Amino acid sequence: MKKVITYGTYDLFHKGHYNLLKHAKELGDYLIVAVTSDAFDKARGKLNVKDSLVQRIKNVENTGLADEIIVEEYFGQKIDDIKKHDIDVFVMGDDWEGKFDYLKEYCEVVYLPRTKGISTTKIKDDLKDKL
Ligand code: CTP
């Protein structure tokens, strides 16, 4: 069985997230989605996340694409996850191109094209303009 893993915050879940998960799932037989904890997002400087962890997990769950959902809680967890879950393919959107090449030692690393014109940041900016 080919196992795929991908990581994200998935705040204000949108079509770009859905497309990424769909394409990631197509790369194997079993998809694990790691959702960042609130504390981990803060630690890596990602402030102003709107949805709670529970909500963000629920949104990923609702896609029906994830076979398993885990939480990313610390720097260095990716290597531990890949080993622990016996991962074959690590997937991220191509805004991360090159940033995870160090994981090639452990599994295949694939950067998928991002869906154009949508992001959590853009949704927040658009909302701001309306208020
Ligand atoms: N992603 C994508 N296409 C988009 C937006 C995100 O393929 N238009 C992918 C990212 O590349 C990543 C995953 O979805 O692999 C989760 O991304 P995340 O950072 O949670 O979402 P963004 O919308 O990029 O959030 P932000 O604007 O806060 O960076």
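One is the number of the first residue; the rest follow in order along the sequence. We count ligands from 1, going down the list as the structure has it; atoms in each ligand are counted the same way. If you're wondering where the values come from, they're calculated on a predicted model, not measured in any experiment.
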Within the 4.0 Å heavy-atom cut-off, what L20 brings close to ligand 1 is side chain

Any heavy atom of K46 under 4.0 Å from ligand 1? The part involved is side chain

Starting from [atom], what is the nearest protein heavy atom, named by residue and atom, and what distance separates them?
atom                    : answer
atom 14 (O) of ligand 1 : H17 CD2, 3.6 Å
atom 12 (C) of ligand 1 : G93 N, 4.1 Å
atom 2 (C) of ligand 1  : R114 CG, 3.5 Å

Quick one: does [X] get an N or O within less than 3.5 Å of an N or O on ligand 1?
X    : result
K122 : no
D94  : no
K116 : no
D11  : no
T115 : yes
I118 : yes
Y10  : yes
Y7   : no

Close side-chain approach of M92 and L112, heavy atoms under 4.5 Å =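 Heavy-atom side-chain distance check fails, nothing below 4.5 Å.
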
Does K15 come within less than 4.0 angstrom of ligand 1, counting non-hydrogen atoms of the residue?
-> no

Applying a strict 4.0 Å limit to heavy atoms, is H14 in contact with ligand 1?
->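 Yes.
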
Give the atoms of ligand 1, by number and element, whose distance to some non-hydrogen atom of [X] is under 4.0 Å.
X    : value
D95  : 10 (C), 11 (O)
T9   : 20 (O)
S119 : 23 (O), 27 (O)

Under 4.0 Å between a Lys/Arg side-chain N and an Asp/Glu carboxylate O for [X] and [Y]?
X    : Y    : value
K25  : D67  : yes
D11  : K124 : yes
D101 : K104 : yes
K83  : D80  : no

Which ILVMFWY residues can you reach from F40 by hopping between side chains whose heavy atoms are under 4.5 Å apart?
->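 Cluster partners of F40: F75.
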
The complete set of salt bridge (charged side-chain N to carboxylate O under 4.0 Å, His left out) pairs with one or both residues in residues 108-122, sequence neighbours excluded, reads D95-R114, K122-D126

